[in-house]
Amino acid sequence: MRQYGLLKSIVSNLRANDLFALALSSKALNETIITTSSSLENLLGRVQCSAHQRIESRPCVTCKVTTCNECRIHCVYQSIYEASGDPEDAAELPNFSGFVLLQPLEQPILSPHHLVSDAPSTAPRWQDPAGGQGGPYHDQGYLDVPLETSASAPPECIDDLLNLDLGRHSLVSMSGESRYATPSPVLFSLCQVTEVRKVEVCTSCLEHGVVHKRQASDLDAITRMPANQNLDQSVMKPTKACHCTLRKRMLDRWLCLRCYSTEELVIEAHVRENRNTFEGFCHCGKLARHVLCLWCWGEVSEEKLPQIS
Ligand SMILES: [Zn+2]
Ligand SMILES: [Zn+2]
Ligand SMILES: [Zn+2]
Ligand SMILES: [Zn+2]
Ligand SMILES: [Zn+2]
(Lines give C-alpha, C1' and ligand atoms only; values in the text may rest on other atoms or scores of the structure.)
(Ligands and ions follow the chains in the order given, each with its own letter.)
Protein backbone atom coordinates (compact mmCIF):
# COMPACT_ATOMS: atom_id res chain seq x y z
CA MET A 1 0.00 0.00 0.00
CA ARG A 2 1.42 3.29 -1.11
CA GLN A 3 0.15 5.17 1.94
CA TYR A 4 2.26 2.98 4.18
CA GLY A 5 5.39 4.64 2.82
CA LEU A 6 3.89 7.98 3.74
CA LEU A 7 3.00 6.68 7.19
CA LYS A 8 6.51 5.47 7.92
CA SER A 9 7.84 8.80 6.83
CA ILE A 10 5.37 10.89 8.86
CA VAL A 11 5.46 8.59 11.85
CA SER A 12 9.21 8.75 12.20
CA ASN A 13 8.48 12.35 13.14
CA LEU A 14 5.56 11.77 15.51
CA ARG A 15 4.91 11.27 19.18
CA ALA A 16 2.77 8.28 20.15
CA ASN A 17 -0.16 10.57 21.01
CA ASP A 18 0.05 12.22 17.65
CA LEU A 19 0.13 8.88 15.90
CA PHE A 20 -3.21 7.97 17.45
CA ALA A 21 -4.63 11.37 16.62
CA LEU A 22 -3.55 10.80 13.05
CA ALA A 23 -5.09 7.34 13.07
CA LEU A 24 -8.38 8.80 14.26
CA SER A 25 -8.35 11.50 11.63
CA SER A 26 -8.73 9.27 8.60
CA LYS A 27 -10.55 6.01 8.09
CA ALA A 28 -7.96 4.70 5.66
CA LEU A 29 -5.08 5.58 7.95
CA ASN A 30 -6.98 4.17 10.89
CA GLU A 31 -7.40 0.83 9.17
CA THR A 32 -3.75 0.75 8.20
CA ILE A 33 -2.43 1.71 11.60
CA ILE A 34 -4.83 0.02 13.98
CA THR A 35 -5.84 -3.18 12.21
CA THR A 36 -2.37 -4.57 11.61
CA SER A 37 -0.69 -4.78 14.96
CA SER A 38 2.70 -5.60 13.49
CA SER A 39 2.60 -2.39 11.53
CA LEU A 40 1.43 -0.54 14.64
CA GLU A 41 4.47 -1.78 16.52
CA ASN A 42 6.68 -0.98 13.60
CA LEU A 43 5.24 2.51 13.39
CA LEU A 44 5.41 3.18 17.12
CA GLY A 45 9.05 2.20 16.98
CA ARG A 46 9.57 5.17 14.75
CA VAL A 47 7.89 7.69 17.06
CA GLN A 48 10.72 9.91 18.11
CA CYS A 49 9.75 13.57 18.05
CA SER A 50 11.93 14.09 21.09
CA ALA A 51 14.89 13.02 18.95
CA HIS A 52 14.27 15.89 16.54
CA GLN A 53 16.30 18.29 18.60
CA ARG A 54 17.92 20.08 15.70
CA ILE A 55 14.57 20.80 14.04
CA GLU A 56 12.86 24.05 15.03
CA SER A 57 10.32 23.37 17.82
CA ARG A 58 7.70 25.61 19.42
CA PRO A 59 4.77 25.09 21.78
CA CYS A 60 1.52 24.18 20.01
CA VAL A 61 -0.75 27.27 20.20
CA THR A 62 -3.57 25.17 21.66
CA CYS A 63 -2.15 22.40 23.87
CA LYS A 64 1.26 24.03 24.53
CA VAL A 65 3.11 20.74 23.98
CA THR A 66 6.50 21.35 22.37
CA THR A 67 6.09 20.34 18.76
CA CYS A 68 8.73 20.29 16.05
CA ASN A 69 8.26 21.63 12.53
CA GLU A 70 7.93 18.07 11.19
CA CYS A 71 5.15 17.18 13.63
CA ARG A 72 2.97 20.25 13.26
CA ILE A 73 0.32 20.78 10.61
CA HIS A 74 1.42 22.00 7.17
CA CYS A 75 -0.77 22.93 4.23
CA VAL A 76 1.31 20.82 1.86
CA TYR A 77 3.41 18.17 3.61
CA GLN A 78 6.19 16.89 1.33
CA SER A 79 6.81 13.34 2.57
CA ILE A 80 7.63 11.24 -0.50
CA TYR A 81 10.79 11.37 -2.61
CA GLU A 82 11.54 9.27 -5.68
CA ALA A 83 14.95 9.40 -7.36
CA SER A 84 14.89 10.15 -11.08
CA GLY A 85 14.87 7.20 -13.51
CA ASP A 86 18.44 7.96 -14.54
CA PRO A 87 20.42 9.63 -11.73
CA GLU A 88 23.40 10.02 -14.10
CA ASP A 89 21.38 12.26 -16.40
CA ALA A 90 21.50 15.76 -14.89
CA ALA A 91 18.47 16.81 -16.95
CA GLU A 92 16.23 14.28 -15.20
CA LEU A 93 14.72 15.50 -11.97
CA PRO A 94 13.58 13.40 -8.99
CA ASN A 95 9.89 13.33 -8.04
CA PHE A 96 8.47 14.89 -4.90
CA SER A 97 4.96 14.37 -3.55
CA GLY A 98 2.97 14.69 -0.38
CA PHE A 99 -0.39 15.38 1.22
CA VAL A 100 -2.61 18.39 1.83
CA LEU A 101 -3.86 18.97 5.41
CA LEU A 102 -4.19 15.23 6.30
CA GLN A 103 -6.46 14.68 3.30
CA PRO A 104 -6.05 11.20 1.74
CA LEU A 105 -4.98 12.07 -1.86
CA GLU A 106 -1.28 11.94 -2.69
CA GLN A 107 -0.30 14.95 -4.83
CA PRO A 108 2.91 15.55 -6.78
CA ILE A 109 4.82 18.67 -5.76
CA LEU A 110 6.86 20.41 -8.47
CA SER A 111 10.02 22.37 -7.72
CA PRO A 112 10.72 25.58 -9.70
CA HIS A 113 13.08 23.46 -11.85
CA HIS A 114 10.25 21.14 -12.87
CA LEU A 115 8.43 23.98 -14.62
CA VAL A 116 9.20 24.87 -18.22
CA SER A 117 10.13 28.52 -18.09
CA ASP A 118 11.76 31.21 -20.22
CA ALA A 119 13.68 32.30 -17.15
CA PRO A 120 15.00 29.11 -15.51
CA SER A 121 15.13 29.22 -11.73
CA THR A 122 18.46 30.24 -10.22
CA ALA A 123 17.53 28.68 -6.87
CA PRO A 124 19.38 25.48 -5.87
CA ARG A 125 17.79 22.28 -7.14
CA TRP A 126 15.68 20.32 -4.70
CA GLN A 127 17.59 17.41 -3.14
CA ASP A 128 16.70 14.11 -1.51
CA PRO A 129 15.56 15.30 1.96
CA ALA A 130 17.19 12.19 3.50
CA GLY A 131 20.58 13.48 2.33
CA GLY A 132 20.47 16.48 4.65
CA GLN A 133 21.36 18.89 1.81
CA GLY A 134 17.89 20.43 1.58
CA GLY A 135 14.23 19.86 2.30
CA PRO A 136 11.83 18.45 3.25
CA TYR A 137 9.96 20.89 1.02
CA HIS A 138 6.76 21.55 2.96
CA ASP A 139 4.54 24.39 1.69
CA GLN A 140 6.88 25.14 -1.24
CA GLY A 141 6.86 24.80 -5.00
CA TYR A 142 3.83 23.97 -7.13
CA LEU A 143 0.96 21.62 -6.34
CA ASP A 144 -0.08 19.21 -9.11
CA VAL A 145 -3.12 17.02 -9.81
CA PRO A 146 -3.53 14.08 -7.34
CA LEU A 147 -1.93 10.86 -8.60
CA GLU A 148 -5.16 8.88 -8.74
CA THR A 149 -7.09 11.60 -10.57
CA SER A 150 -7.48 11.34 -14.33
CA ALA A 151 -8.62 14.96 -14.87
CA SER A 152 -5.99 17.49 -15.92
CA ALA A 153 -5.41 21.00 -14.62
CA PRO A 154 -2.45 23.38 -14.40
CA PRO A 155 -0.23 23.21 -11.29
CA GLU A 156 -0.82 25.95 -8.70
CA CYS A 157 1.88 28.02 -6.98
CA ILE A 158 1.71 27.01 -3.30
CA ASP A 159 2.87 30.43 -2.11
CA ASP A 160 -0.04 32.07 -3.95
CA LEU A 161 -2.49 29.57 -2.44
CA LEU A 162 -1.17 30.25 1.07
CA ASN A 163 -1.52 34.02 0.65
CA LEU A 164 -4.94 34.08 -1.03
CA ASP A 165 -7.46 36.23 0.91
CA LEU A 166 -10.16 33.62 1.50
CA GLY A 167 -12.57 36.31 2.67
CA ARG A 168 -12.56 37.78 -0.83
CA HIS A 169 -11.77 34.85 -3.08
CA SER A 170 -12.89 31.25 -3.07
CA LEU A 171 -10.47 28.47 -3.94
CA VAL A 172 -13.42 26.81 -5.65
CA SER A 173 -13.52 29.43 -8.39
CA MET A 174 -9.76 29.91 -8.64
CA SER A 175 -7.94 29.19 -11.91
CA GLY A 176 -11.18 29.65 -13.76
CA GLU A 177 -10.08 28.54 -17.20
CA SER A 178 -13.31 27.12 -18.53
CA ARG A 179 -11.73 24.01 -20.06
CA TYR A 180 -10.82 22.75 -16.58
CA ALA A 181 -13.13 21.42 -13.87
CA THR A 182 -14.28 23.61 -10.95
CA PRO A 183 -12.85 23.38 -8.40
CA SER A 184 -9.55 22.42 -9.98
CA PRO A 185 -8.61 18.82 -9.03
CA VAL A 186 -5.35 20.36 -7.78
CA LEU A 187 -7.32 22.29 -5.16
CA PHE A 188 -9.91 19.66 -4.29
CA SER A 189 -8.32 18.67 -0.95
CA LEU A 190 -7.68 22.28 0.12
CA CYS A 191 -11.29 23.14 -0.74
CA GLN A 192 -12.53 20.38 1.60
CA VAL A 193 -11.06 22.44 4.44
CA THR A 194 -11.66 26.03 3.29
CA GLU A 195 -15.30 25.54 2.28
CA VAL A 196 -16.49 23.81 5.44
CA ARG A 197 -15.59 26.90 7.48
CA LYS A 198 -18.38 28.96 5.86
CA VAL A 199 -21.94 29.25 7.26
CA GLU A 200 -24.80 31.18 5.71
CA VAL A 201 -26.75 33.53 8.01
CA CYS A 202 -29.62 36.01 7.69
CA THR A 203 -29.22 39.75 8.36
CA SER A 204 -31.17 39.58 11.61
CA CYS A 205 -29.04 36.78 13.10
CA LEU A 206 -25.90 38.56 11.96
CA GLU A 207 -26.90 41.94 13.44
CA HIS A 208 -28.02 40.56 16.75
CA GLY A 209 -24.97 38.41 17.09
CA VAL A 210 -27.22 35.40 17.54
CA VAL A 211 -25.05 33.21 15.43
CA HIS A 212 -22.00 34.49 17.16
CA LYS A 213 -23.45 34.03 20.63
CA ARG A 214 -24.86 30.58 19.97
CA GLN A 215 -21.89 29.31 18.11
CA ALA A 216 -18.90 30.97 19.66
CA SER A 217 -18.98 29.28 23.04
CA ASP A 218 -18.39 25.70 21.99
CA LEU A 219 -15.97 26.55 19.20
CA ASP A 220 -14.04 29.09 21.27
CA ALA A 221 -13.50 26.62 24.06
CA ILE A 222 -11.82 24.15 21.78
CA THR A 223 -10.18 26.18 19.06
CA ARG A 224 -9.02 29.04 21.31
CA MET A 225 -10.17 31.77 19.01
CA PRO A 226 -8.42 35.13 19.60
CA ALA A 227 -9.30 36.81 22.90
CA ASN A 228 -10.79 39.86 21.15
CA GLN A 229 -13.78 37.70 20.22
CA ASN A 230 -15.32 38.58 23.58
CA LEU A 231 -19.01 37.74 23.35
CA ASP A 232 -20.50 40.68 25.27
CA GLN A 233 -18.56 43.26 23.35
CA SER A 234 -19.04 41.76 19.94
CA VAL A 235 -22.81 41.45 20.02
CA MET A 236 -23.57 45.05 19.04
CA LYS A 237 -20.51 45.69 16.91
CA PRO A 238 -20.74 45.50 13.14
CA THR A 239 -19.26 42.28 11.87
CA LYS A 240 -15.71 42.60 10.64
CA ALA A 241 -14.64 41.29 7.28
CA CYS A 242 -12.89 37.92 6.94
CA HIS A 243 -9.40 38.13 5.53
CA CYS A 244 -8.26 34.65 6.54
CA THR A 245 -5.48 33.01 4.55
CA LEU A 246 -4.23 29.44 4.76
CA ARG A 247 -0.85 30.84 5.80
CA LYS A 248 -2.29 32.75 8.78
CA ARG A 249 -4.56 29.89 9.83
CA MET A 250 -2.32 26.85 9.33
CA LEU A 251 1.29 28.07 9.40
CA ASP A 252 1.51 31.29 11.45
CA ARG A 253 -0.32 29.48 14.26
CA TRP A 254 2.05 26.63 15.25
CA LEU A 255 -0.43 23.76 15.65
CA CYS A 256 0.21 20.09 16.44
CA LEU A 257 -1.54 17.43 14.32
CA ARG A 258 -3.79 16.33 17.14
CA CYS A 259 -5.06 19.84 17.84
CA TYR A 260 -5.50 20.46 14.11
CA SER A 261 -7.65 17.37 13.65
CA THR A 262 -9.67 18.26 16.78
CA GLU A 263 -10.39 21.69 15.32
CA GLU A 264 -11.52 20.19 12.05
CA LEU A 265 -13.80 17.70 13.81
CA VAL A 266 -15.35 20.48 15.92
CA ILE A 267 -15.98 22.66 12.87
CA GLU A 268 -17.48 19.76 10.92
CA ALA A 269 -19.75 18.76 13.81
CA HIS A 270 -20.79 22.35 14.32
CA VAL A 271 -21.65 22.81 10.66
CA ARG A 272 -23.67 19.58 10.65
CA GLU A 273 -25.77 20.89 13.53
CA ASN A 274 -26.18 24.51 12.48
CA ARG A 275 -26.26 24.61 8.71
CA ASN A 276 -29.73 24.79 7.20
CA THR A 277 -30.26 21.74 4.98
CA PHE A 278 -31.49 24.14 2.30
CA GLU A 279 -28.72 26.10 0.65
CA GLY A 280 -29.28 29.86 0.82
CA PHE A 281 -31.13 29.77 4.16
CA CYS A 282 -30.05 30.69 7.70
CA HIS A 283 -30.33 28.05 10.45
CA CYS A 284 -33.31 30.12 11.79
CA GLY A 285 -35.20 29.52 8.56
CA LYS A 286 -34.91 33.02 7.03
CA LEU A 287 -33.21 33.79 3.74
CA ALA A 288 -29.43 33.97 4.24
CA ARG A 289 -27.80 37.18 3.03
CA HIS A 290 -24.37 36.75 4.58
CA VAL A 291 -21.64 34.17 4.87
CA LEU A 292 -19.66 33.90 8.11
CA CYS A 293 -16.20 32.37 8.47
CA LEU A 294 -15.92 29.96 11.42
CA TRP A 295 -12.17 30.56 11.64
CA CYS A 296 -12.43 34.30 12.44
CA TRP A 297 -16.20 35.05 12.75
CA GLY A 298 -15.74 37.66 10.03
CA GLU A 299 -17.97 38.05 7.02
CA VAL A 300 -16.93 36.41 3.77
CA SER A 301 -17.71 38.58 0.74
CA GLU A 302 -16.70 36.73 -2.38
CA GLU A 303 -17.26 38.32 -5.76
CA LYS A 304 -20.44 36.36 -6.36
CA LEU A 305 -22.19 38.20 -3.49
CA PRO A 306 -23.54 41.71 -4.21
CA GLN A 307 -20.92 44.34 -3.34
CA ILE A 308 -21.81 47.74 -1.85
CA SER A 309 -19.92 50.43 -3.76
ZN1 LIG B 1 8.97 16.06 15.93
ZN1 LIG C 1 -1.59 20.79 20.18
ZN1 LIG D 1 -31.17 33.74 10.93
ZN1 LIG E 1 -12.08 34.22 8.28
ZN1 LIG F 1 -22.88 41.92 4.64
Side-chain angles (χ1 to χ4, degrees), residues 13-22 24-25 49 57-74 102 162-171 193-216 219-226 228-229 234-235 239-267 270-271 273-302 305:
N13 298 310
L14 286 184
R15 293 160 199 273
N17 281 343
D18 292 329
L19 176 62
F20 287 110
L22 187 62
L24 292 173
S25 72
C49 183
S57 293
R58 296 188 207 169
C60 164
V61 290
T62 299
C63 70
K64 312 296 181 214
V65 169
T66 303
T67 306
C68 87
N69 189 43
E70 293 300 301
C71 301
R72 68 158 175 144
I73 192 69
H74 287 273
L102 303 187
L162 293 176
N163 295 332
L164 187 74
D165 182 343
L166 297 171
R168 307 287 298 176
H169 306 279
S170 167
L171 282 177
V193 177
T194 59
E195 296 312 296
V196 78
R197 82 185 208 287
K198 296 188 224 168
V199 285
E200 295 182 297
V201 294
C202 73
T203 305
S204 161
C205 287
L206 182 81
E207 280 171 1
H208 295 98
V210 173
V211 176
H212 200 151
K213 217 171 181 176
R214 275 189 59 207
Q215 303 184 340
L219 278 176
D220 276 2
I222 298 166
T223 64
R224 315 276 161 109
M225 296 289 174
N228 62 8
Q229 299 297 314
S234 62
V235 169
T239 307
K240 62 168 183 160
C242 165
H243 293 293
C244 286
T245 65
L246 284 165
R247 185 185 301 285
K248 280 190 268 187
R249 177 72 184 179
M250 306 296 174
L251 302 183
D252 292 352
R253 300 188 315 144
W254 195 276
L255 196 64
C256 76
L257 291 178
R258 187 178 34 187
C259 290
Y260 167 75
S261 58
T262 304
E263 284 190 5
E264 287 308 300
L265 290 174
V266 168
I267 286 176
H270 175 83
V271 165
E273 285 164 24
N274 292 283
R275 184 176 279 172
N276 196 311
T277 40
F278 296 102
E279 201 178 320
F281 289 88
C282 180
H283 62 88
C284 75
K286 292 196 191 116
L287 206 59
R289 302 253 178 226
H290 304 275
V291 177
L292 279 186
C293 165
L294 293 181
W295 290 352
C296 72
W297 299 102
E299 184 169 357
V300 175
S301 51
E302 289 162 7
L305 294 169

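A quick note: this is a predicted structure, and the numbers were derived from the prediction, not measured. In each ligand, atom 1 is the first atom listed, and ligand 1 is the first ligand listed. Scope of the values below: all heavy atoms of this structure, side chains included, with no hydrogens, waters or symmetry mates.
When only modelled atom types and interatomic distance are considered, His169 and Asp165 share no side-chain donor-acceptor pair under 3.5 Å.
Distances from the Zn ion (ligand 4) show that His243 has no N/O/S atom below 2.8 Å. Coordination check, His283 versus the Zn ion (ligand 3): failed, since every N/O/S atom of the residue sits at 2.8 Å or beyond.
At the Zn ion (ligand 3), the angle from SG in Cys202 to SG in Cys205 is 100° when rounded to 10°. Geometry about the Zn ion (ligand 2) gives an angle of 110° between SG of Cys259 and SG of Cys60, rounded in steps of 10 degrees. Angle SG(Cys296) to the Zn ion (ligand 4) to SG(Cys293): 110° [nearest 10 degrees]. Around the Zn ion (ligand 3), the angle linking Cys284 (SG) with Cys282 (SG) is 110°, rounded to 10 degrees.
Looking at heavy atoms from C-beta onward, Arg275 lies out of side-chain contact with His270 at the 4.5 angstrom threshold.
The pair Glu263-Arg253 meets the salt-bridge criterion, with a side-chain N (NZ, NE, NH1 or NH2) lying under 4.0 Å from an Asp/Glu carboxylate O.
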_Using side chain to side chain contact (heavy atoms under 4.5 Å, CB included), reason through His283 and Val199 one step at a time and then give a plain yes or no._
CA-CA 9 Å; His283 62 88; Val199 285; over 6 Å; no
*Is there a side chain to side chain donor-acceptor pair (under 3.5 Å) between Arg168 and Ser301 once you walk through the steps?*
CA-CA 5 Å; Arg168 307 287 298 176; Ser301 51; 3.1 Å; yes
